[in-house]
Undergrad: 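Structure in structure tokens, see below.
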Amino acid sequence: MNDNELLAELLLPDIDKTPDYYENMYPKRDLPEGAKVTRIAPSPTGYLHLGTLFTSLVNRITATTSSGIFFTRIEDTDKKREVKGGIEDIIEGLKRFGITIDEGFISGDKQYGKYGPYQQSNRAEIYQTYVKDLIKRGLAYPCFCTAEELDEVRKKQESEKIRTGYHGEFAKHRNITYSEAKALIDEGKPFVIRLRSSGSEENRITFEDTIKGKIEMPENDEDFVLLKSDGIPTYHFAHAIDDHLMHTTHVLRGDEWISSVPKHIELFKILGFKVPKYGHVSPIMKLDNGAKRKISKRKDPEAAVHFFAEQGYTAQSVIEYLMTIAASDFEDWRRANPTEDYKNFKFNLKKMSVSGALFDENKLNDVSKIKVSQMSSSEVFDSLTDWAKEFDNEFYNILTENSNFTKRMLSIDRDNSSKPRKDIAKWSEAKNYFAYFFSSLYCPDYTLPENISNEDAKAFLNNYKDIYDESDDRQAWFDKIKSLCPSLNFASETKEYKANPDMYKGSAGDLSTVLRIAITGRRNTPDLCSIMQVLGKEECIKRINNTVNSL
RNA sequence: GGCCCGGUGGUCAAGAGGCCUAAGACACCGCCCUUUCACGGCGGUAACACGAGUUCGAAUCUCGUCCGGGUCACCA
């Protein structure tokens, strides 16, 4: 055995397999030509983040449009930052948003697929096998520097304005010999395994980012850490090994990774792996005191996907909005295909924005209103009550006390309507929006429009309640309002009123407003005729009387 | 600070040297339609960061400046 082989045995004595073993174990995928294999590799350090959802969506739809595979892999190599229930929150979150998972973690504790395990903490032996091989080949070595030593070096570099990092002359253990290493290990000194980089700052590498285009950077020359002192790999190394063994074709990830690409490329090269295609997606930003910045888990409630559920945005609405950010041509497609599943959209990474989009609540609301307006009343009922059950129990009880009534309420201007209302963006708005349907929530405002006197309103209401007939259709209903116009000197036709505004006190429209105020306590509601039918004659008359008494 | 990436209306964006007097969407404003609200229709306000070059011609190519973002860990 030569020194490198001796060193490898010394450092990783328990590893008895070789890379070939794993190469054979995870053969090439049997997929049609052009199929893209993508993945999301979250670390369970918190809750599902908007950015993770966004990246997942991009990965998912890239796989879908190419008849490929989208899998999940848990990057739990940082045990210190791990959060309990983190895996579950992320996976279940993705599922709730309709991001289907072909392979990997398909629930908080279940994984599926032939390329596993899909959790890095269970792959230690695989990583170590490859590291051992690298050591034998003289491409990796142990480093015994302590955190303090490293810190000192960095400070020195900073004060001397030298590029920081473990490279060149600063790579203290780069040329460590077998016997030196053995002595240190015999002393019980902890160590990490570093790459013996053969790169140089002077050399440039270029790669074609599938989203950002051509990118040129200095080659990596840092002897970065492959294996931490606990034997677990760093992200960089795990990425190379896993995405090779799992045959990922497209690594689509947040663009904070761009600066690490030279490291990754070097790794793939020395390991003899084919470099995957990289695509770096820009972060979703937020305006903070006039400055654009990446949406932050800590500061921004909308960073956690949970926020949207709480607000009562449907999963579909959020996805739809994300799609408008992800693909500049999505909205055009949507206009041409208003009801088609977004999954049928021909997604193209090239159409992604290279700079980060500001999160736009207005746009989300608009997109969401359209989605909600396309739902049937029973879909709305289910979604709304599901939401209320979780986030507003009082409202849930009100809604479900008489489901039939609630469903009839929800179908106004909706089912069979040629022009459904675009009025609700999120369920948290619904309580106030529908308040006048429920006596416990009803809180009327009887303020009349300026051009109508209390006397006229009372006279109209008193006459109207005698002729109101629940069975009238919309035309008959309105004709009755019109029939009361002449005696009060209101124009029964809007056109007539507009032509001679001085001759009348107002129009039939104004009297309708009076009725609307009497029935709903507000001036802005859906079709009044339907509302009155849902409320029932008795309730309507009662409300009219109450109004007359309080005017 | 080094290294990357970016900069078209308030926001998202189209735009690949002449089709740009710069599209579309959201938001905002006005008008029309209308029993209210909405929907819909029509219209409006509003942008190529700045400066040099290259060119007959630049939002588009080059350079510089400025501004914004990302990254420089035994975190991902």
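The figures that follow rest on heavy atoms only: side chains count, while hydrogens, waters and symmetry mates do not. Residue numbers start from 1 in every chain, and the chains themselves are labelled A, B, ... in the order their sequence lines are given, proteins ahead of strands.
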Undergrad: Of all the choices, rA76(B), rC3(B), rG40(B), which nucleotide is nearest to the side chain of Arg204(A) once you look at every atom?
TA: rC3(B)
Undergrad: Take Asp255(A) and Trp477(A), find for each the nucleotide of RNA chain B with the closest heavy atom, and name the residue whose nucleotide sits nearer the 5' end.
TA: Trp477(A)
Undergrad: Taking CG from Asp230(A) and P from rA73(B), how many angstroms apart are they, rounded to a whole number?
TA: 19 Å
Undergrad: Any strand counts, and the cut-off is 3.5 Å on both contacts for Watson-Crick or G-U wobble. Which nucleotide pairs with rG40(B)?
TA: rC32(B)
Undergrad: Measure NZ/Lys286(A) against P/rG69(B) and give the value in whole Å, please.
TA: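 Taking NZ of Lys286(A) and P of rG69(B), I get 15 Å after rounding.
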Undergrad: Please confirm whether the ring centroid of Tyr235(A) lies under 6.0 Å from the ring centroid of Trp257(A).
TA: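 Distance test on ring centres: under 6.0 Å, yes.
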Undergrad: Tell me what Gly509(A) touches on the nucleic acid: a base, only sugar-phosphate, or nothing, going by heavy atoms under 4.0 Å.
TA: sugar-phosphate
Undergrad: Does any pair with a residue in residues 508-533 of chain A pass ring pair (Phe, Tyr, Trp, His ring centres under 6.0 Å), and if so which ones, sequence neighbours excluded?
TA: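 Qualifying pairs: none.
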Undergrad: Using Watson-Crick or G-U wobble geometry with both distances under 3.5 Å, which nucleotide pairs with rG2(B)?
TA: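 rG2(B) is paired, partner rU71(B).
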Undergrad: Counting side-chain heavy atoms from CB outward, which of rA76(B), rU36(B), rU35(B) is closest to Arg474(A)?
TA: rU35(B)
Undergrad: Write down the distance between CD1 (Ile531(A)) and P (rA38(B)), rounded to a whole number of angstrom.
TA: 14 Å
Undergrad: Counting side-chain heavy atoms from CB outward, which of rU36(B), rG24(B), rU71(B) is closest to Asp332(A)?
TA: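 Comparing rU36(B), rG24(B), rU71(B) against the side chain of Asp332(A), the answer is rG24(B).
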Undergrad: If I take atom CD1 in residue Ile412(A) and atom P in nucleotide rA38(B), what distance separates them, rounded to the nearest angstrom?
TA: 17 Å
Undergrad: Considering every strand and a 4.0 Å limit on heavy-atom distances, what is the contact class for Glu222(A): base, sugar-phosphate, or nothing?
TA: nothing
Undergrad: My understanding is that a pair needs two contacts under 3.5 Å, Watson-Crick or G-U wobble. By that rule, which nucleotide pairs with rU21(B)?
TA: none
Undergrad: Taking Thr520(A) for its side chain and Arg516(A) for its backbone only, find out whether a donor-acceptor pair lies under 3.5 Å.
TA: yes
Undergrad: Of the non-hydrogen atoms in Ser56(A) and Leu94(A), which two are nearest, and what is the gap between them?
TA: OG-CD2, 3.4 Å
Undergrad: If we take the C1' atom in both rU8(B) and rA13(B), what is their distance in whole Å?
TA: 9 Å
Undergrad: Watson-Crick or G-U wobble partner for rG64(B), using a 3.5 Å limit on both distances?
TA: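 Check on rG64(B): paired to rC50(B), both distances under 3.5 Å.
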Undergrad: With a non-hydrogen cut-off below 4.0 angstrom, is Leu528(A) in contact with a base, only sugar-phosphate, or nothing?
TA: nothing
Undergrad: For a quick check, with a 4.0 angstrom heavy-atom cut-off, what is the B/S/- contact string for nucleotides 10-17 of chain B, read 5' to 3'?
TA: -BSSSS--
Undergrad: Rounding to the closest angstrom, what is the interatomic distance between rC50(B) and rG7(B) at atom C1'?
TA: 12 Å
Undergrad: Taking only the P atom of each, what is the distance from rA22(B) to rG44(B) in whole angstrom?
TA: 12 Å
Undergrad: Could you tell me how far apart Ile295(A) (CD1) and rG70(B) (C1') are, to the nearest whole angstrom?
TA: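 Ile295(A) atom CD1 is separated from rG70(B) atom C1' by 16 Å.
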Undergrad: With sugar-phosphate meaning primed atoms plus P, OP1 and OP2, does Arg334(A) contact a base, only sugar-phosphate, or nothing at under 4.0 Å between heavy atoms?
TA: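 The residue Arg334(A) makes no contact with any strand.
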Undergrad: Which base, if any, makes a Watson-Crick or G-U wobble pair with rG10(B), both distances under 3.5 Å?
TA: rC26(B)
Undergrad: NA contact type, Val225(A), heavy-atom cut-off 4.0 Å: base, sugar-phosphate, or nothing?
TA: sugar-phosphate
Undergrad: On a heavy-atom basis, which atom in Tyr166(A) and which in Arg194(A) lie closest, and how many Å separate them?
TA: CE2-CD, 3.3 Å
Undergrad: Would one find a side-chain N or O of Arg81(A) under 4.0 angstrom from OP1 or OP2 of rC74(B)?
TA: no
Undergrad: Record whether the side chain of Ser229(A) comes under 3.5 Å of the base of rC74(B) through a donor-acceptor pair of N or O atoms.
TA: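 Present.
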Undergrad: What is the nucleic acid contact for Arg253(A), judged by heavy atoms within less than 4.0 Å: base, sugar-phosphate only, or nothing?
TA: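 The residue Arg253(A) makes no contact with any strand.
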Undergrad: Looking only at atom C1', what distance separates rA59(B) and rG18(B), rounded to whole Å?
TA: 13 Å
Undergrad: Pick the P atom in rU54(B) and in rU62(B), then give their distance to the nearest Å.
TA: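 So the two P atoms sit 15 Å from each other.
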Undergrad: Nearest whole angstrom, please: distance from the P of rG70(B) to the CD1 of Ile284(A).
TA: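 Taking CD1 of Ile284(A) and P of rG70(B), I get 14 Å after rounding.
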Undergrad: When you compare rC26(B) with rU60(B), how far apart are their C1' atoms, in angstrom units rounded to a whole number?
TA: 26 Å
Undergrad: Spell out, as yes or no, whether a donor-acceptor pair under 3.5 Å connects the side chain of Asn59(A) to the backbone of Thr55(A).
TA: yes
Undergrad: Which base, if any, makes a Watson-Crick or G-U wobble pair with rG57(B), both distances under 3.5 Å?
TA: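 For rG57(B), the partner nucleotide comes out as none, under the 3.5 Å rule.
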Undergrad: For rA76(B), take OP1 and OP2 only and decide whether either is under 4.0 Å from a side-chain N or O of Thr77(A).
TA: yes
Undergrad: Under the salt bridge (charged side-chain N to carboxylate O under 4.0 Å, His left out) rule, collect the residues that match up with Asp510(A), sequence neighbours excluded.
TA: none
Undergrad: For rC32(B) versus rG51(B), give the span between their P atoms, rounded off to a whole number of Å.
TA: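 Taking atom P in both rC32(B) and rG51(B), they lie 43 Å apart.
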Undergrad: In terms of side-chain heavy atoms, does Asp242(A) have a donor or acceptor partner in Tyr127(A) at a distance below 3.5 Å?
TA: yes
Undergrad: Tell me which pairs pass salt bridge (charged side-chain N to carboxylate O under 4.0 Å, His left out) where either residue lies in residues 251-261 of chain A, with sequence neighbours left out.
TA: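 Counting only pairs at least two positions apart or across chains, the salt bridge (charged side-chain N to carboxylate O under 4.0 Å, His left out) contacts touching residues 251-261 of chain A are Lys212(A)-Asp255(A), Glu256(A)-Lys294(A).
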Undergrad: Under 6.0 Å from the six-membered ring centre of Tyr442(A) and within 45° of its axis: does the NZ or CZ of Arg543(A) meet both?
TA: yes
Undergrad: For Arg174(A), what residues pass the salt bridge (charged side-chain N to carboxylate O under 4.0 Å, His left out) criterion, not counting sequence neighbours?
TA: Asp223(A)
Undergrad: Between rG69(B), rC4(B), rU36(B), which nucleotide gets closest to the side-chain atoms of Thr513(A)?
TA: rU36(B)
Undergrad: When we call it a touch if two heavy atoms are under 4.0 Å apart, what does Lys161(A) touch: a base, just sugar-phosphate, or nothing?
TA: nothing
Undergrad: Once you apply a heavy-atom cut-off of 4.0 Å, does Cys145(A) come out as touching a base, just sugar-phosphate, or nothing?
TA: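 Base contact.
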Undergrad: Show which side-chain atoms of residues 224-233 of chain A pair as donor or acceptor with protein atoms under 3.5 Å away, not counting sequence neighbours.
TA:
from	atom 1	to	atom 2	distance (Å)
Lys228(A)	NZ	Thr77(A)	O	3.0
Asp230(A)	OD1	Ile232(A)	N	3.0

Undergrad: Expressed as a whole number of angstroms, how long is the span from Arg163(A):CZ to rC72(B):C1'?
TA: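 These atoms are roughly 10 Å apart.
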Undergrad: So if I take every side-chain heavy atom of Arg335(A) and compare against rG40(B), rA76(B), rG24(B), which nucleotide ends up nearest?
TA: rG24(B)
Undergrad: What integer number of Å spans the P atoms of rC66(B) and rC29(B)?
TA: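 Between the two P atoms, the distance is 40 Å.
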Undergrad: Considering only rC4(B), rU36(B), rA76(B), which nucleotide approaches the side chain of Ile215(A) most closely?
TA: rC4(B)
Undergrad: Kindly point out which of rU35(B), rC74(B), rC72(B) is positioned nearest to the side chain of Lys228(A)?
TA: rC74(B)
Undergrad: Of the candidate nucleotides rG70(B), rC4(B), rG24(B), which contains the atom at the shortest distance from the side chain of Pro218(A)?
TA: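 Nearest listed nucleotide: rC4(B).
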Undergrad: NE2 of His264(A) versus C1' of rU71(B): gap in Å, rounded?
TA: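 Going from His264(A) (NE2) to rU71(B) (C1'), I get 12 Å.
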Undergrad: Please tell me which of the listed nucleotides, rU36(B), rC4(B), rA76(B), lies nearest to the side chain of Glu256(A)?
TA: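 Nucleotide nearest to Glu256(A)'s side chain: rA76(B).
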Undergrad: Closer to the 5' end of RNA chain B via nearest nucleotide, is it Cys143(A) or Glu201(A)?
TA: Glu201(A)
